[in-house]
Protein chains: 2
Amino acid sequence: MRVLGVDPGLTRCGWGVVDGLPGRRARLVDVGVVRTPTDAPLAERLLAVAEGLEGVLARLLPDAVAVERVFARADVSTIMGTAQASGVAMMLAARAGLPVATHTPSEVKAAVTGEGRAGKEQVTTMVTRILELEERPRPADAADALALALCHLWRGGPTIGTTNGRGAPTAAQNAWASAAAAASARTSWVRR
Amino acid sequence: MRVLGVDPGLTRCGWGVVDGLPGRRARLVDVGVVRTPTDAPLAERLLAVAEGLEGVLARLLPDAVAVERVFARADVSTIMGTAQASGVAMMLAARAGLPVATHTPSEVKAAVTGEGRAGKEQVTTMVTRILELEERPRPADAADALALALCHLWRGGPTIGTTNGRGAPTAAQNAWASAAAAASARTSWVRR
């Protein structure tokens, strides 16, 4: 099961691909960020995001795509661009024939840290540990995309394949969650 | 100058194409609505919108695309889907190599009715008159898309070609606006 996580954005659109199967440790495939210049026309920025993600889809051939769910909030100056980028990402995933799920930021934080209100540094720390990375993924958008992919693996991405990511956990998902919790409890991590 | 107007949405994405040149009456090329089922996954709905608009772009070969600018507002339940659809539309237009502009709803209403707070029926009435249509375009999303295309023609789409649609009107645009105002003042319309 290979999952592409996408943290949508125009200035920085994070993406991260992980491989995982129940009972096995999740493994980093690749991670990166699509950047677009803030002074470029909006349509051109969306096209650049699309081309970046299409490249990732074609090169890494994920089995599923998880996109962070965008909410209307106080910071409306950037939220529309974020929503537009997420729409492009979801459309491209559907065009590639892949199941697409969305997960909320608090679902993602809870999945990798155990706490829905965790900060960005904590998320990055846990992503680094869970995937046994030698370096912390930077920028935060890249780490967030990996966290999304891990969240999707653990919340049962393989069995949902819809756009809402809801549903009670299956036995396999619970097994995953237990394994993840056990892994999180380790105090030191060594890359193998 | 052929303009595609897009009124973005998931349940109904209106599109309308008009031909126009300074000093000539704008002419309807075609108009329609891409509909997607409300119970389909979001990513599939976005893909259906994309495929519908790609078909229009390929068949009618517009010179420019105008998309309604989406604002965060109280009705947040649908605004994210609308923003996502607008992102897809803008990305596809950029991919087709076309200049993309956005216009606000009040700009569009003011362009075709002279009043930024005009109602949907009034917009439909004026679009029907300006384009000398025998029938009122339905649903309102289709009429709104035509109004967007007309707004783009009159606000100087040819000279802007950016995503914000701002800028002082040129002499040609002012001539257009005068012609439009004169046309609006006619009390009866006959299709030729």
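Order of the sequence lines fixes the chain letters, A, B, ..., with proteins taken first and strands second; residue numbering starts at 1 for each chain.
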For the student: nearest non-hydrogen atoms of [X] and [Y], plus distance:
{"X": "Met91(A)", "Y": "Leu92(B)", "answer": "CE-CD2, 4.4 Å"}
{"X": "Ala43(A)", "Y": "Ala94(B)", "answer": "O-CB, 3.4 Å"}
{"X": "Leu46(A)", "Y": "Gly87(B)", "answer": "CD1-O, 3.6 Å"}

query: If you measure from CD1 on Ile79(B) to CE on Met80(A), what distance do you get to the nearest 0.5 Å?
result: 5.0 Å
message: Salt bridge check, Arg95(A) against Glu44(B): does any charged N sit closer than 4.0 Å to a carboxylate O?
response: no
Listed pairs under 3.5 Å, donor-acceptor, residues 56-66 of chain B side chains, sequence neighbours left out:
residue: Arg59(B); atom: NH1; partner: Asp30(B); partner atom: OD2; Å: 3.2
residue: Arg59(B); atom: NH2; partner: Asp30(B); partner atom: OD2; Å: 3.1
residue: Asp63(B); atom: OD2; partner: Arg2(B); partner atom: N; Å: 2.7

hydrophobic_cluster_shared for [Y] and [X], side chain cutoff 4.5 Å:
{"X": "Val108(B)", "Y": "Val100(B)", "result": "no"}
{"X": "Val18(B)", "Y": "Val123(B)", "result": "yes"}
{"X": "Val33(A)", "Y": "Val49(A)", "result": "no"}

query: Between Arg45(B), Glu51(B), Gln84(B), which residue shows the highest count of heavy-atom pairs closer than 4.5 Å to chain A?
result: Gln84(B)
query: For Thr104(A), what residues pass the side-chain contact (heavy atoms from CB on, under 4.5 Å) criterion, not counting sequence neighbours?
result: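 Thr104(A): side-chain contact (heavy atoms from CB on, under 4.5 Å) contacts with Arg69(A), Phe71(A), Ser106(A), Glu107(A).
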